[in-house]
Protein chains: 2
Amino acid sequence: MNDELNDLLEKHGLKKTGPRVKVLSVLKLRDTAASQPELEEIIGKEIDRVTLYRVLTAFEEKGIIHKVLDMNGTAKYAVCDSSCTDKQHKDEHVHFNCTLCLNVYCMDTLHIPQLVIPAGFTSQVVNMMVYGICDKCNLKLKG
Amino acid sequence: MNDELNDLLEKHGLKKTGPRVKVLSVLKLRDTAASQPELEEIIGKEIDRVTLYRVLTAFEEKGIIHKVLDMNGTAKYAVCDSSCTDKQHKDEHVHFNCTLCLNVYCMDTLHIPQLVIPAGFTSQVVNMMVYGICDKCNLKLKG
DNA sequence: TTATTTATGCAACAAAGTTGCATTTAATTA
DNA sequence: TAATTAAATGCAACTTTGTTGCATAAATAA
């Protein structure tokens with residue numbers, strides 16, 4: 001696993017530092033996107049708050065992770081599909097934000113429908129977020 | 001115009017207060033969504049910061065306006081279609097966030113495509129945001 | 001192994017949003 | 001119309017998320 005992380009960092013031209021390897025390993029293991037405050041809680045004070053923000057920003061710029069805003073406007077990050085680069089993010093999938101547990105899921109299989117936008121406007125990126133109850137919370141409610 | 005605003009407040013069971021009429025009149029005249037900080041700048045210190053937040057929250061709960069998050073995670077508000085109520089928001093249209101002027105437009109004519117979401121998940125609201133260059137900024141760039 | 005570039009940690013700051021409480025105002029009722 | 005009451009406002013203080021500047025430390029290159 002550590003080799004994989006090192007390769008990923010190297011491939012994107014990032015130095016292999018403690019904080020970067022740690023953050024990347026945490027994100028890789030999750031099935032939901034994580035915010036800086038969440039990572040801070042998971043990792044603890046071994047990594048500085050500001051470093052977390054900078055690591056996340058660096059990863060995003062290099063196309064290792066992508067950013068999604070949750071329903072509160074908090075930035076959450078998830079590991080990108082391996083085809084992402086610093087030139088182009090291929091995160092054009094739908095995201096799901098659970099209104100109970102607040103988790104954000106990448107719906108990798110759901111890709112965003114094409115839109116015809118009005119003349120005069122130019123589209124760069126399209127974002128689609130479904131708010132609702134996730135599978136785990138639904139189980140808790142019904143079960 | 002003032003009659004119209006009063007009617008709107010009354011219809012939704014809200015007292016007609018100075019701050020509410022003022023905020024509603026400002027929002028009605030705009031073609032882009034406004035955040036609390038923007039409203040604060042437009043209106044000035046005649047209305048308290050906290051009151052602005054509370055007025056916006058009240059309007060949203062009653063279905064007079066709807067909330068959209070811009071690319072920075074800041075909440076922006078726009079007047080709803082008249083068919084909105086506190087029970088159901090009919091703001092299922094696409095929003096456009098200009099990456100230059102940061103304005104958020106309601107694309108009232110573009111409605112959000114239907115999605116089939118995975119089993120186990122329950123959808124409540126769907127949000128679709130297009131990021132790009134708006135018509136006015138495109139004119140400035142090309143003209 | 002040293003030099004150089006880059007990343008980290010710390011402190012301080014900034015913006016957006018929230019909470020508690022006293023005061024004022026709008027609507028109600030007498 | 002005046003008194004009552006419920007709700008809205010203003011103010012102060014606070015919280016959370018995110019940013020900036022700068023000195024120190026660590027990773028790669030020479």
Side-chain angles (χ1 to χ4, degrees), chain A residues 2 5-26 33-62 64-65 67-77 86 97 102 104, chain B residues 2-3 5-24 26 33-62 64-65 67-77 86 97 102 104:
Chain A
N2 233 298
L5 300 181
N6 286 342
D7 285 358
L8 199 52
L9 290 174
E10 193 163 10
K11 196 176 79 179
H12 291 91
L14 289 172
K15 287 186 184 173
K16 299 155 209 159
T17 67
R20 287 180 179 167
V21 173
K22 181 68 187 174
V23 170
L24 194 49
S25 71
V26 170
S35 63
Q36 177 278 324
E38 285 168 325
L39 290 170
E40 196 179 357
E41 194 172 45
I42 295 166
I43 296 174
K45 54 193 168 188
E46 125 196 16
I47 301 178
D48 188 75
R49 244 167 55 75
V50 178
T51 301
L52 275 177
Y53 278 111
R54 290 198 267 230
V55 165
L56 291 170
T57 304
F59 285 0
E60 198 203 0
E61 280 169 357
K62 297 297 182 179
I64 299 178
I65 62 179
K67 176 161 80 172
V68 206
L69 295 176
D70 74 2
M71 53 190 299
N72 301 313
T74 306
K76 296 196 166 199
Y77 296 88
D86 56 343
N97 195 167
L102 301 186
V104 171
Chain B
N2 233 298
D3 283 353
L5 300 181
N6 285 343
D7 284 358
L8 199 52
L9 290 174
E10 194 163 11
K11 196 176 79 180
H12 291 90
L14 289 171
K15 285 186 184 176
K16 300 157 211 159
T17 67
R20 288 181 178 164
V21 173
K22 180 68 187 174
V23 170
L24 194 49
V26 170
S35 63
Q36 176 279 326
E38 285 168 325
L39 289 170
E40 195 179 357
E41 195 172 46
I42 295 166
I43 297 174
K45 54 194 171 188
E46 127 196 14
I47 302 177
D48 188 74
R49 244 167 55 76
V50 179
T51 302
L52 275 177
Y53 279 111
R54 291 199 268 232
V55 165
L56 292 170
T57 303
F59 284 0
E60 198 203 359
E61 281 169 357
K62 297 296 182 179
I64 299 178
I65 62 179
K67 175 161 79 173
V68 206
L69 296 176
D70 74 3
M71 54 189 300
N72 300 315
T74 306
K76 295 197 166 198
Y77 297 88
D86 55 343
N97 195 169
L102 301 184
V104 171

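First the proteins, then the strands, lettered A, B, ... as listed; each starts at 1.
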When we call it a touch if two heavy atoms are under 4.0 Å apart, what does B:Ala75 touch: a base, just sugar-phosphate, or nothing?
sugar-phosphate
The residue, A:Ile47 or B:Leu14, whose nearest nucleotide of DNA chain C is more 5′ is A:Ile47
At a heavy-atom distance below 4.0 Å, which nucleotide of DNA chain D is the first touched by chain B, and which is the last?
D:dA6 to D:dA12
Evaluate whether atom CD of B:Glu41 has more than 12 neighbouring non-hydrogen atoms of other residues, nucleotides or ligands under 6.0 angstrom away.
no
Roughly how many Å is it from NZ in B:Lys76 to P in C:dG17, rounded to a whole number?
11 Å
Check whether the side chains of B:Glu38 and B:Ser35 place a donor and an acceptor atom closer than 3.5 Å, and report yes or no.
yes
Roughly, in whole Å, what's the span from CG in B:Leu102 to P in C:dA15?
15 Å
Only residue of A:Val55, A:Val23, A:Leu56 satisfying side-chain contact (heavy atoms from CB on, under 4.5 Å) with A:Ile65 is A:Leu56
Expressed as a whole number of angstroms, how long is the span from B:Asp70:CG to C:dA15:P?
15 Å
Would you state whether a donor and an acceptor, one from the side chain of A:Arg49 and one from the base of C:dG9, lie under 3.5 Å apart?
no
Could you check B:Lys15 against A:Lys15 and say which one's nearest nucleotide on DNA chain C is further toward the 5' end?
A:Lys15
Under 4.0 Å between any heavy atoms, over every strand shown, what does A:Glu46 touch: base, sugar-phosphate, or nothing? Just pick one.
sugar-phosphate
Nearest-Å distance for atom pair CZ/P, residues B:Arg54 and C:dT24
16 Å
A:Thr51, nearest nucleotide to its side chain (from C:dT8, C:dT19, C:dG17)
C:dT8
Rounding to an integer number of Å, can you tell me how far A:Glu61 CD sits from C:dA7 C1'?
14 Å
Strand contacts (DNA chain C) in residues 33-42 of chain A, 4.0 angstrom heavy-atom criterion:
none
Here the distance between atom C1' of C:dA16 and atom OH of B:Tyr77, to the nearest Å, is 11 Å
Could you give the CG-to-C1' distance, from A:Asp48 to C:dA7, as a whole number of Å?
12 Å
Of all the nucleotides listed (C:dT8, C:dA7, C:dA16), which has the minimum atom distance to the side chain of A:Val55?
C:dT8
So does B:Thr74 get a side-chain nitrogen or oxygen closer than 4.0 Å to the phosphate oxygens (OP1/OP2) of C:dA15?
no
